[in-house]
Amino acid sequence: MEFLYSIQSLVARNVVESKLGEVNSICGADVSYWRGEAFGVAVKEEGERREINRVKAKVEFPYVPGLLFVREAPVVIHLLKDVGCDLTFIDGHGLAHPRFAGLATVVGVLLGRPTIGVAKSRLVGELVEEGETTFLEVKGRRVGVKRGRYYYSIGNMVTLEDVIKFSFTYPSVLAIADQETKRFRREGQQELPKGEESG
DNA sequence: GCGACAG
DNA sequence: ATCTTGTCGC
Ligand SMILES: [Mg+2]
């Protein structure tokens with residue numbers, strides 16, 4: 001476990017908080033599970049064009065709060081490495097993490113591209129209200145905002161201001177990815193319903 | 001030691 | 001995340 005922590009510390013030290021450039025293409029990735037199998041989906045939107053990538057993989061490591069990247073980063077990175085995007089949304093926190101290295105940050109740093117983490121619940125940090133905005137702070141560091149029921153945080157190569165700009169509407173790429181990841185799972189389920197041969 | 005705890 | 005129908009509320 002200490003080994004995984006050191007990896008996260010290294011990732012955290014390589015995060016770049018730079019201003020986002022022009023955004024013409026947006027990507028999003030999500031993963032669903034069934035019997036130890038991960039069903040990953042990446043969605044890319046550029047204008048009216050929509051591209052969808054899928055991959056099924058076996059996942060051994062259990063879910064441990066703070067170590068989600070061990071389960072999902074390999075799948076998500078595989079799906080996105082050959083798909084360029086100006087900005088990528090990841091289902092999970094970015095810097096809003098105990099060691100400032102949530103899934104969105106790990107993916108962003110390893111792929112060297114802009115990412116924003118979007119989570120449905122809080123992992124760590126305190127909420128600080130300032131006018132219309134509710135910020136998320138971890139160990140005194142302002143890493144994101146809570147908008148509606150979602151938490152948006154810096155992944156990599158974006159600023160807090162960029163995160164705020166994209167926090168007003170839930171990313172359609174994530175909605176589609178979540179939807180497609182479940183459709184993909186159904187296909188994998190009907191292949192082995194109950195007690196059919198598995199090999 | 002106890003409580004919290006992304007997906 | 002997954003197991004799962006209806007039900008209460010905006
Ligand atoms: Mg997910």
Side-chain angles (χ1 to χ4, degrees), chain A residues 1 4-5 7-9 11-12 15 27-43 54-80 88-110 115-127 134-139 141-156 158 163 166-167 170-171 173-195:
Chain A
M1 200 69 78
L4 296 175
Y5 280 18
I7 289 178
Q8 293 183 312
S9 295
V11 167
V15 172
C27 282
D30 193 15
V31 181
S32 65
Y33 303 87
W34 185 63
R35 295 185 178 181
E37 291 260 74
F39 297 80
V41 170
V43 177
R54 322 190 302 181
V55 67
K56 181 170 67 175
K58 290 186 171 51
V59 175
E60 306 288 345
F61 204 81
Y63 166 68
V64 178
L67 294 178
L68 177 65
F69 87 100
V70 179
R71 283 167 65 79
E72 305 198 350
V75 175
V76 173
I77 290 176
H78 179 76
L79 286 166
L80 297 169
T88 299
F89 288 100
I90 298 297
D91 183 34
H93 295 290
L95 293 185
H97 178 279
R99 293 169 291 284
F100 300 100
L103 179 63
T105 294
V106 173
V107 172
V109 170
L110 294 185
T115 60
I116 289 179
V118 184
K120 306 175 191 62
S121 61
R122 186 189 67 87
L123 173 59
V124 293
E126 307 75 49
L127 296 179
T134 299
F135 294 95
L136 217 199
E137 297 185 353
V138 177
K139 298 175 183 175
R141 180 178 175 185
R142 193 159 287 190
V143 299
V145 298
K146 179 182 190 322
R147 186 84 63 189
R149 52 184 298 203
Y150 299 105
Y151 296 78
Y152 299 77
S153 62
I154 295 170
N156 184 46
V158 298
V163 172
F166 285 93
S167 70
Y170 186 74
V173 287
L174 287 184
I176 298 297
D178 177 69
Q179 177 187 317
E180 288 302 313
T181 202
K182 289 169 182 169
R183 177 202 300 289
F184 185 21
R185 185 176 61 194
R186 287 173 216 146
E187 295 174 17
Q189 288 181 39
Q190 71 178 70
E191 286 175 18
L192 290 177
K194 295 185 176 63

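Each chain gets a letter, A, B and so on, in the order its sequence line appears, and its residues count up from 1. Values in this document were obtained by computation on a predicted structure and should not be read as measured data.
A donor-acceptor pair under 3.5 Å is absent between the side-chain atoms of T88(A) and the main chain of G28(A), judged by distance alone. Of the possible donor and acceptor atoms, none in the side chain of H97(A) sits under 3.5 Å from a partner among the backbone N and O of T105(A).
Ring centers of Y150(A) and Y170(A): under 6.0 Å apart, within the cut-off.
Across the protein-nucleic acid pair, Q179(A) atom CD and dA1(C) atom C1' stand 18 Å apart, rounded to whole Å. E60(A) has its CD atom 21 Å from the P atom of dA1(C), to the nearest Å.
We find that E180(A) and R54(A) are not joined by a salt bridge, their nearest charged nitrogen and carboxylate oxygen being 4.0 Å or further apart.
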Scoring nucleotides 2-7 of chain B by protein non-hydrogen atoms under 4.0 Å (B base, S sugar-phosphate only, - none) yields --SBBB

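In terms of heavy-atom proximity, K139(A) sits nearest to P98(A) at NZ-O, 2.8 Å.
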